[in-house]
Enquirer: 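Okay, here's the structure, questions in a sec.
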Amino acid sequence: MSLPFILFFVFALISVGGALLLILAREPIHSALALILVMMSLAVLYLMLGAEFIAAVQIIVYAGAIMVLFVFVIMLLNAGTEERTDFSKIAKYAGLPLGIFLLLELAHWMAHSLIGKTPANGAGSANVMVSTRDLSMQLFQKYLFPFEATSILILIAILGALVLAKRDE
Amino acid sequence: MSVVPISYYLALSAILFGLGVVAFVFKRNIITIFMAIELMLNAVNLAFVAFARAWNQLDGLVFVFFVIVVAAAEAAVGLAIVITIYQNRRSLNIERVDLLKF
Amino acid sequence: MEFVTQHAVLVVSVVKIVILLFLSLTTLAYLTWFERKVVAHIQSRWGPYYVGAHGLLQPLADGVKFLFKEDLTPPGADKFLYILAPFLALSLALTTIALIPFGPATIKILGQPTQLIVANVNIGLMFVFAITSIGVYGVALAGWSSNSKYPLLGGLRSSAQMISYEVALTLSVVGVVLLAGTLNFSEMVGDQSGYYRYLPFLPRWHVFPQCIGFLCYFTSAIAETNRVPFDLPEAETELVAGFHTEYSSFKFAMFFMAEYANMLTVSFLATILFLGGWLSPFPETWTFLQYLPAVALLGLGIYLGYDAAVVARGIARIQLIVITFGALVLGALCLLPAVMPVIQGPFWFLLKVGCLIFFYVWTRGTLPRFRYDQLMSFGWKLLLPVSLANLVGTALWIIFPLLVKHG
């Protein structure tokens with residue numbers, strides 16, 4: 001068991017635990033914190049994969065902005081314990097077998113396929129962090145049009161949020 | 001650093017995505033359902049980053065960047081909708097928002 | 001010992017972390033003394049005076065007081081979150097200090113050469129922003145978990161304020177990133193060395209081309225750390241004490257220390273990004289300036305010695321003698337040829353940080369508090385557009401020569 005493996009399993013367990021907590025918690029604010037936990041441990045995994053810029057963006061935007069917005073709305077609406085109501089019977093009886101099927105398939109595929117054994121670093125790049133410069137080159141040259149499109153999307157989102165949240169006079 | 005096989009990351013991604021679906025189906029609070037969507041997006045991002053490293057290409061990372069940006073936009077609009085629903089219904093339970101249901 | 005030689009990098013890191021943590025916690029304690037003293041003098045008072053000479057033992061007395069007060073938890077509070085919040089606030093505030101480089105020199109700890117920085121990260125600036133962006137949770141959770149209306153209002157206000165001003169804060173710094181072309185702190189400081197070609201007396205600090213960015217940065221930094229005149233989250237006259245109304249004893253002290261640690265981090269960042277970090281503003285040919293740290297410490301020692309001999313009485317006199325002795329020894333140490341080059345960087349760095357901290361306290365002593373709507377419109381309608389314009393201007397300034405050259 002080498003150090004990368006230990007790190008991977010620790011943070012994988014934390015993230016899965018966080019996701020479970022998100023489901024099991026009854027207060028929305030606890031769910032929100034569990035989700036933040038998942039995001040932080042995923043950021044660590046990104047770092048292990050050499051994507052440090054993405055890790056930082058993950059924390060800044062996801063944990064530091066989006067989730068703050070969630071917590072803010074939970075505080076604003078004073079959202080208490082959630083009510084439990086019946087859910088569909090299909091989910092109850094089909095969910096568990098399907099979940100087990102998914103896990104079995106994953107196990108099979110990890111054990112027997114070629115991709116299951118490829119190290120998560122491409123050949124010849126054993127220990128390299130992706131440089132932010134390369135990433136920005138890619139972003140502003142190859143993906144310039146999608147980049148501009150997302151900026152327009154953001155603009156529309158701002159307007160939409162304004163229109164929706166604005167109180168009628 | 002990463003001698004961990006890519007399939008481990010992908011499996012984690014799949015499990016997280018599955019848990020996101022479970023949360024999406026089981027939770028009754030609109031805000032929490034919204035969080036379940038974010039969890040699924042995060043799981044997909046992990047797969048993107050893992051693939052980007054496995055094939056040593058940056059496109060996957062750029063896509064993660066876009067996913068994060070779109071998630072931010074989505075959160076802004078979605079939470080505004082949640083606030084409007086709360087103002088109209090005085091409840092965050094998704095079962096109470098059933099005016100279109102026969 | 002074998003462990004030390006095998007894991008030298010790890011051990012050296014731990015040693016550095018311990019030293020830095022000790023130094024920064026002491027500094028935090030004495031920042032409260034500094035602030036009270038300066039504000040008192042601005043308002044024609046004496047400030048802390050009775051506990052020790054010049055009130056120098058006041059932080060210690062405060063610490064003891066905090067430790068011995070009853071630790072209250074309000075009924076109906078969310079216990080876990082209530083305890084988590086202050087820990088989150090303080091630990092996040094302290095973590096950022098690990099990313100700050102204090103000088104260019106390489107020192108030897110346990111035979112290992114190492115730099116004056118705990119973690120030299122490629123994208124240090126991004127990480128500092130990542131950590132500070134999570135700092136909001138300390139405040140928001142404290143407000144939520146107290147189960148009381150004033151903390152809730154305070155927490156809501158402060159999270160709204162911190163989200164709003166974070167945007168302006170980040171945007172005002174991007175201009176510097178464009179000029180320096182890096183996100184690493186050490187490289188950023190390296191980029192600021194030397195002088196302008198046509199103004200040979202002006203050091204190439206980013207504060208000169210980026211003066212608008214600097215103003216925006218510092219204003220939003222004051223708001224981000226919830227200080228006067230933007231201290232609405234804890235506006236005493238309206239909200240009792242804002243988000244930490246229900247906190248007592250050491251948890252309250254932790255919020256307090258977190259505020260000062262944030263102040264420190266923001267000043268560190270301003271120094272690195274805009275004020276040339278550890279670089280001296282004077283030309284390298286003025287070699288006599290390397291005696292400056294020693295002279296400053298020895299001067300302080302002589303002044304305090306005079307104070308001890310003539311003014312002070314009783315226990316205060318003994319204390320002053322001890323401090324005098326310490327200052328003189330440190331000053332003499334700074335004269336050693338082995339220490340002198342190492343101390344230059346930290347000396348200038350801390351001098352600049354000290355000036356910024358003084359500016360912070362000065363603002364607190366002189367400005368009245370904003371109204372909430374004024375605060376919001378100031379952040380969104382003035383700071384954000386101005387820092388955006390600054391960013392666009394900087395980008396054009398950089399791209400224009402390239403366009404001319406390449407057609």
Side-chain angles (χ1 to χ4, degrees), chain A residues 2 4-5 8 12 15-16 19 22-23 28 31-32 35 38-39 42 45-46 48-51 54 57 61-62 65-66 69-70 73-74 77 79 82-85 87 91 99 102 106 110 115-122 125 127 130 134-135 138-139 143 146 150 153-154 157 160-161 164-165, chain B residues 1-12 14-16 18-20 22-23 25-29 31-32 34-36 38-39 42 45-46 49-50 52-59 61-62 64-66 68-77 79-84 86 92-93 95:
Chain A
S2 61
F5 271 96
F8 174 82
S15 58
V16 171
L22 167 78
I23 299 170
S31 298
L35 188 53
V38 177
M39 286 166 177
L42 284 187
L45 291 180
Y46 294 169
M48 284 177 63
L49 285 168
I54 294 294
V57 167
V61 179
Y62 257 130
I66 298 181
L69 218 57
F70 274 96
V73 169
I74 292 170
L77 304 184
E82 81 174 349
E83 305 164 36
R84 291 266 157 106
T85 38
F87 39 85
L102 172 75
L106 280 176
M110 278 167 74
I115 195 174
K117 293 175 188 89
T118 326
N121 262 11
S125 71
N127 222 340
V130 177
D134 293 346
L135 193 64
Q138 193 85 340
L139 186 63
Y143 290 98
T150 39
L153 176 79
I154 291 258
L164 282 168
Chain B
M1 190 69 183
S2 274
V3 290
V4 185
I6 182 178
S7 61
Y8 284 41
Y9 287 98
L10 297 178
L12 177 64
I15 291 171
L16 284 179
L19 287 173
V22 169
V25 174
F26 277 56
K27 297 304 265 188
R28 283 291 168 270
N29 188 316
I31 300 179
T32 332
F34 210 165
M35 285 187 228
E38 299 292 338
L39 178 59
N42 265 286
N45 279 353
L46 180 63
V49 175
R53 287 308 283 171
W55 275 279
N56 212 7
Q57 283 189 328
L58 294 175
D59 304 54
L61 300 184
V62 177
V64 173
F65 189 78
F66 284 131
I68 292 177
V69 173
V70 172
E74 175 219 330
V77 179
L79 287 173
I81 294 175
V82 168
I83 290 177
T84 326
Y86 185 79
L92 286 173
N93 193 330
E95 306 268 299

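Convention: sequence-line order gives letters A, B, ...; per-chain numbering from 1. Because only heavy atoms are used, hydrogens play no part in the values below, and waters and symmetry mates are left out as well, while side chains stay in.
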Enquirer: Answer yes or no: is there a side-chain heavy-atom contact under 4.5 Å between A:Leu42 and B:Asn45?
Expert: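 Result no, sub-4.5 Å side-chain heavy-atom pair not found.
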
Enquirer: Do A:Tyr143 and B:Phe65 come within less than 4.5 Å of each other through their side chains, counting heavy atoms only?
Expert: no

Enquirer: Between A:Val38 and chain B, with a heavy-atom cut-off of 4.5 Å, which part of the residue counts as in contact: side chain, backbone, both or neither?
Expert: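 Answer is side chain: those atoms of A:Val38 sit under 4.5 Å from chain B.
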
Enquirer: Under a 4.5 Å heavy-atom cut-off, does chain A meet the side chain of B:Leu46, its backbone, both or neither?
Expert: both

Enquirer: Any heavy-atom pair between the side chains of B:Tyr8 and A:Leu45 that's under 4.5 Å?
Expert: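 Result no, sub-4.5 Å side-chain heavy-atom pair not found.
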
Enquirer: Report the distance from atom CE of A:Met39 to atom CD of B:Glu38, rounding to the nearest 0.5 Å.
Expert: 5.5 Å

Enquirer: Show the nearest heavy-atom pair for residues B:Ala23 and A:Ile23, with the distance to one decimal.
Expert: CB-CG1, 3.6 Å

Enquirer: Looking at every heavy atom in both A:Leu164 and B:Ala80, which two are closest together, and how far apart are they?
Expert: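 Scanning both residues, the minimum pair turns out to be CB-CB, 3.8 Å.
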
Enquirer: Taking all non-hydrogen atoms of both residues into account, name the closest pair between A:Leu69 and B:Ala76 and its distance.
Expert: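 Distance-wise, the nearest heavy atoms are CD2-CA, 4.2 Å.
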
Enquirer: What pairs with B:Tyr86 under side-chain contact (heavy atoms from CB on, under 4.5 Å), at least two apart in sequence or on another chain?
Expert: A:Leu77, B:Arg90, B:Leu92

Enquirer: Where does A:Phe70 contact chain B at under 4.5 Å (heavy atoms): side chain, backbone, both or neither?
Expert: both

Enquirer: Under a 4.5 Å heavy-atom cut-off, does chain A meet the side chain of B:Leu16, its backbone, both or neither?
Expert: side chain

Enquirer: Looking at B:Val69, B:Ile81, B:Leu19, which has the largest count of heavy-atom pairs under 4.5 Å with chain A?
Expert: B:Leu19

Enquirer: For B:Ala71 versus A:Ile66, what's the shortest heavy-atom pair and its separation?
Expert: C-CD1, 3.8 Å

Enquirer: Locate the shortest heavy-atom distance separating A:Tyr46 from B:Asn42; write the atom from each residue and the value.
Expert: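 For A:Tyr46 versus B:Asn42, the nearest heavy atoms are OH-O, 3.9 Å.
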
Enquirer: Just so I understand: if I count every heavy-atom pair under 4.5 Å between each of B:Ile83, B:Ile15, B:Leu61, B:Val64 and chain A, which residue has the most?
Expert: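 Most heavy-atom pairs under 4.5 Å with chain A: B:Leu61.
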
Enquirer: Picking from A:Leu135, A:Val57, A:Ile154, which has the most non-hydrogen pairs under 4.5 angstrom with chain B?
Expert: A:Leu135

Enquirer: Looking only at heavy atoms, what is the nearest atom pair of A:Leu35 and B:Met35, with distance?
Expert: CD2-O, 3.5 Å

Enquirer: Measure distances from A:Ala12 to the heavy atoms of chain B and classify the residue's part below 4.5 Å as side chain, backbone, both or neither.
Expert: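 Its backbone and side chain both get close to chain B.
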
Enquirer: Return the set of residues passing side-chain contact (heavy atoms from CB on, under 4.5 Å) with A:Ala157 (not counting sequence neighbours), or none when no residue passes.
Expert: B:Ala73, B:Val77

Enquirer: Any chance you could measure B:Phe66, atom CZ, to A:Leu139, atom CG, to the nearest 0.5 Å?
Expert: 5.0 Å

